[in-house]
Number of protein chains: 2
Amino acid sequence: MKIQKTPSIRRMPTYLYKLMEIQEEGTVFVSTTILANYMGIEPIVVRKDLAITGVTGQSGVGYRTDELITSIRCFLGWNSTVNACLVGAGSLGSALLGYDGFENYGLNITTAFDTDLSKIGQKIHGREIFNFNNLPEMAEVLKLKLGIICVQRSSAQEVAEKLVACGIKAIWNFANVSLKLPPDVIVQREAIAGGFALLSVKIAQNSECGVE
Amino acid sequence: MKIQKTPSIRRMPTYLYKLMEIQEEGTVFVSTTILANYMGIEPIVVRKDLAITGVTGQSGVGYRTDELITSIRCFLGWNSTVNACLVGAGSLGSALLGYDGFENYGLNITTAFDTDLSKIGQKIHGREIFNFNNLPEMAEVLKLKLGIICVQRSSAQEVAEKLVACGIKAIWNFANVSLKLPPDVIVQREAIAGGFALLSVKIAQNSECGVE
DNA sequence: TAGATTGTTAATCGATTAACAATC
DNA sequence: TAGATTGTTAATCGATTAACAATC
């Protein structure tokens, strides 16, 4: 199963964030010119992106801010909520638990797990850390549909398999490994090293140009 | 300045990590079949990616592991070190400070800054937190070339401008905003919401297919 | 020789960009 | 009417995939 329009989809949350800001200001209509200027891209790109969601605007005016927001939310499936657990309450895990933007994404991190006894029972950003061994009992009760993996590279595969064994079919993987899981499990790997690689190449290209 | 081969570049660090693992095992030659299998992609993709770095392999055998590693490192500019500072020692900042993979990327986060007086003077993962107001004096002495922004959305623009004013021309932005900076400043924005958007769409597509 | 793999060339596919009529 | 903007259609560009000869 190939996913298409990846670049457009990646831009959606940025539009959404800006649009919510615009809505708070009370601005009813917004044009692709404004969004493009904010993003540092061309208006035609924004127009094509928005078209994917099925929304339509008014010639000479733009799009209704509220309609756009709804439309993007629906397209991303962020209008309904999914129950998630986070495994690995280290600093990255804490950062994610503390991120208050997730409520806008329909992401409800109800529980955090760890194996470190010194962490279990403690609270991080209002959520209690549970023993990862209790996952099987808790997964069903809490109706967990998504697992967020924030453990070390070395234990990520094992954690992923246990999540899958509990019926969790979607995984957001922040560990620096490729997970081997059954084909019906949806995995999204977040590789920040990839971002740094891009930055590095930009820097290298830039200093080349400077020399010329 | 457009950057090309973005998808390939993003995959490079993943190859690199796996290759280092392979090297530690003492395996001298590695084929694109092995790398492709690890990444869950096709060998031809890996071959094209590796070709970008200029490395060549041996028909029927594969590539020398050590040559591949060197080649990817050089291509990414990770063979030399860049001094970086991190601004915003919250949980995300701490996570990055604690990430020990950066030494392999030629990234040397020498300093962390914050404005929170309760954090200043403390140490996180061995690095002292300094007052952000001291940035101008310290930037030159420490030869800072890169700034990593981990502050709240609302202060990111201001922080970025101060970094640029200190001669820092490359910024890795983890705050959830588009920064408006002079065109000669290189910015890489890390938008994890984009990753979650992709995951959400995958889930949505999957449940559609399930119904059919 | 047989099997595996590289690297090149061509074909396909999808994303971005350009142009412009239609609309407010 | 003039200016701004949408949405469609076509053109361009780049990335992915396929095919295969050459090589070990």
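Every value quoted in this text rests on a predicted model; they were computed, and no experiment measured them. Below, chain A is the first sequence line, B the second, and so on; all start at residue 1.
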At under 4.0 Å between heavy atoms, what does [X] touch on the DNA or RNA strands: base, sugar-phosphate, or nothing?
| X | value |
| --- | --- |
| A:Q4 | sugar-phosphate |
| B:P43 | nothing |
| B:R10 | nothing |
| A:K48 | base |

**Message:** Can you identify which nucleotide, out of C:dT6, D:dT5, D:dT16, has its nearest atom closest to the B:R47 side chain?
**Reply:**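 Closest nucleotide among those given: C:dT6.
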**Prompt:** Of the candidate nucleotides D:dT17, C:dT17, D:dA22, which contains the atom at the shortest distance from the side chain of A:I44?
**Reply:**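 The answer is C:dT17.
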For atom [atom1] of [X] and atom [atom2] of [N], their distance in whole Å:
| X | N | atom1 | atom2 | answer |
| --- | --- | --- | --- | --- |
| A:M39 | C:dT16 | CE | P | 12 Å |
| A:K5 | C:dG14 | NZ | C1' | 8 Å |
| B:K2 | D:dT12 | NZ | P | 17 Å |
| A:E42 | C:dA15 | CD | P | 19 Å |
| B:Y63 | D:dT23 | OH | C1' | 13 Å |
| B:I41 | D:dA15 | CD1 | P | 15 Å |
| B:R64 | C:dT6 | CZ | P | 15 Å |
| A:L68 | D:dG7 | CG | C1' | 14 Å |

**Prompt:** Between A:F132 and A:F113, what is the ring plane arrangement, given parallel below 30°, perpendicular above 60°, and tilted in between?
**Reply:**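 Judged by the thresholds at 30° and 60°, the geometry between A:F132 and A:F113 is perpendicular.
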**Request:** Return the orientation label for the B:Y105 and B:W78 ring planes: parallel under 30°, perpendicular over 60°, tilted otherwise.
**Result:**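 Rings of B:Y105 and B:W78: parallel, under 30°.
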**Request:** Compare every heavy atom of A:L50 with every heavy atom of A:V55, then report the nearest pair and how far apart it is.
**Result:**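 That would be CG1-O, 3.6 Å.
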**Shortest non-hydrogen separation from A:L135 to A:C85 and the atoms involved** =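 Looking at all heavy atoms of both residues, the closest pair is CD1-SG, 4.4 Å.
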**Request:** Would you kindly compare B:T33 and A:V61 by the position of their nearest DNA chain C nucleotide and give the one closer to the 5′ end?
**Result:**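 Mapping each residue to its closest nucleotide by heavy atoms, the 5'-most match is B:T33.
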**Prompt:** Nearest nucleotide by nearest heavy atom, which residue falls closer to the 5' end of DNA chain C, A:I3 or B:G60?
**Reply:**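 Going by which nucleotide is closer to the 5' end, it is B:G60.
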**Asked** Think A:S59 has a side-chain N or O under 4.0 angstrom from the OP1 or OP2 of C:dA22?
**Response**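 No, outside the criterion.
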**Message:** Tell me whether the side-chain N/O atoms of A:T32 come closer than 4.0 Å to OP1 or OP2 in D:dT6.
**Reply:**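 Yes, because at least one side-chain N or O of A:T32 sits under 4.0 Å from OP1 or OP2 of D:dT6.
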**Prompt:** For the atom pair SG (B:C150) and CG (B:L96), what is the distance rounded to the nearest 0.5 Å?
**Reply:**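 Reported value, rounded in 0.5 Å steps: 4.5 Å.
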**Asked** Under a 3.5 Å cut-off for both distances, is D:dT12 Watson-Crick or wobble paired, and to whom?
**Response**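 Pairing partner: C:dA15.
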**Watson-Crick or G-U wobble partner of D:dT23, both distances under 3.5 Å** =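 For D:dT23, the partner nucleotide comes out as C:dA4, under the 3.5 Å rule.
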